[in-house]
Amino acid sequence: MGKLSGLLLFTPVEVVRAVLPERIERGDGAVLLAHGSSAVQPMPHFSGVGPVVSAARNYPYSLSTELADTGFMPALSPSGPVSPAASRPERPGPTPAPHSRW
């Protein structure tokens, strides 16, 4: 699980942290983060990766709330088929990519 966490969770967090100060200073900017469908739908044989990508999926939601008045916008793009009911957020969050099913 350590390798999965490093790649699928900590890498997106570190990339955002690297670009965030400049984007906040500019007053605009966006970052698009992708995740697999196991982040929102339990899938056989993906029980190890599911919780990690779920945490990565939650990161832009939290970030968009914290940075709402800065002009910076995190967006999500699922990389696999996702049931619309499973991926519909119950709370305000980042603007989804135009092709997502939200």
Side-chain angles (χ1 to χ4, degrees):
M1 179 111 35
K3 290 180 183 179
L4 290 175
S5 297
L7 176 65
L8 300 173
L9 175 59
F10 299 128
T11 299
V13 170
E14 291 302 319
V15 168
V16 170
R17 289 180 67 179
V19 301
L20 191 57
E22 180 184 335
R23 297 301 185 250
I24 290 175
E25 185 177 315
R26 283 179 29 182
D28 71 350
V31 65
L32 177 64
L33 300 172
H35 64 80
S37 56
S38 64
V40 293
Q41 286 181 275
M43 299 176 70
H45 311 292
F46 285 91
S47 60
V49 72
V52 175
V53 292
S54 292
R57 180 180 178 265
N58 189 55
Y59 176 61
Y61 282 111
S62 299
L63 195 62
S64 67
T65 302
E66 292 173 21
L67 303 173
D69 59 348
T70 65
F72 180 78
M73 181 186 72
L76 291 172
S77 175
S79 61
V82 177
S83 162
S87 64
R88 190 172 304 119
E90 297 297 324
R91 61 188 190 280
T95 304
H99 63 278
S100 78
R101 296 185 174 202
W102 288 343

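- Closest heavy-atom contact between Pro74 and Pro60: CG-O, 3.5 Å.
- Every residue two or more places apart in sequence or in another chain was checked for a side-chain hydrogen bond (donor to acceptor under 3.5 Å, both in side chains) with Asp69, and none qualifies.
- Hydrophobic clustering, with ILVMFWY side chains joined whenever heavy atoms are under 4.5 angstrom apart, groups Leu67 together with Val13.
- Here Leu32 contributes atom CG and Met73 contributes atom CE; the two are 8.5 Å apart, rounded to the nearest 0.5 Å.
- The hydrophobic clustering, which links ILVMFWY residues whose side-chain heavy atoms are closer than 4.5 Å, places Leu33 and Val15 apart.
- Here the CG atom belonging to Asp28 is positioned 10.5 Å from the CZ atom belonging to Phe72, to the nearest 0.5 angstrom.
- The closest side-chain heavy-atom distance from Asn58 to Ser62 is below 4.5 Å.
- Ile24 and Leu63 fall within the same hydrophobic cluster, where Ile, Leu, Val, Met, Phe, Trp and Tyr residues are linked whenever their side-chain heavy atoms come under 4.5 Å apart, directly or through other members.
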